[in-house]
Amino acid sequence: MQNDVVLSKKSSSMSKGSNRKMLSLRADVMNKNLFRALRRECKGMFESFCIENNLSMSRKQRSFFPNIELFASNLFEENQDLCESESEFNMKDFEIYLGIFFNY
């Protein structure tokens, strides 16, 4: 009887481990984790940019959006012409998407 309990505990712990592995291989989970990592990196870059340029870190839209505009133009300063000529890239849209992406 005790052996049956031990076997059932082992099989349940193995199934939890395999479930975790299967969960980490799902495309939606991998995309979510990749998106979170990208967001964390971009937010870190933005916060460093604000600190280096003595910009306000206030989350109020009036003081925050100009910081996003400066950050976006700084990111694409050298390649802005290429981005706009080779695609339908629009800097204003990019600035809005950055604000949404940062959740500010």
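Note that the coordinates shown come from a computational prediction; the quantities given were computed from them, not determined experimentally.
- In terms of the side-chain contact (heavy atoms from CB on, under 4.5 Å) criterion, residue partners of Asp93 (sequence neighbours excluded) are, by chain and number, Asn90, Tyr97.
- Note that CZ of Arg39 and NZ of Lys43 are 4.5 Å apart. Values are rounded to the nearest 0.5 Å.
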>> side-chain contact (heavy atoms from CB on, under 4.5 Å), that's the test. Do Phe46 and Leu98 meet it? Break it down for me.
In response: CA-CA 10 Å; Phe46 176 70; Leu98 270 180; over 6 Å; no
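- Between Met30 atom CE and Leu34 atom CG the span is 8.5 Å, to the nearest 0.5 Å.
- Across every non-hydrogen atom of Met91 and Ala72, the tightest pair is CE-O, 3.6 Å.
- Here CD1 of Ile68 is found 10.0 Å from CZ of Phe94. Values are rounded to the nearest 0.5 Å.
- With hydrogens and angles disregarded, a donor-acceptor distance shorter than 3.5 Å links the side chain of Asn67 to the backbone of Ser56.
- In this structure, CZ in Phe102 is found 5.5 Å from SG in Cys42, a value given to the nearest 0.5 Å.
- In this structure, Phe65 is a member of the same hydrophobic cluster as Ile100, with clusters built from ILVMFWY side-chain heavy atoms closer than 4.5 Å.
- Remark: Phe49 engages Phe71 in a ring-ring contact (aromatic ring centres under 6.0 Å, His included) (not counting sequence neighbours).
- Arg36 meets the side-chain contact (heavy atoms from CB on, under 4.5 Å) test with Lys32, Asn33; sequence neighbours excluded.
- With hydrogens and angles ignored, the 3.5 Å screen pairs no side-chain donor or acceptor of Asn74 with any backbone N or O of Leu70.
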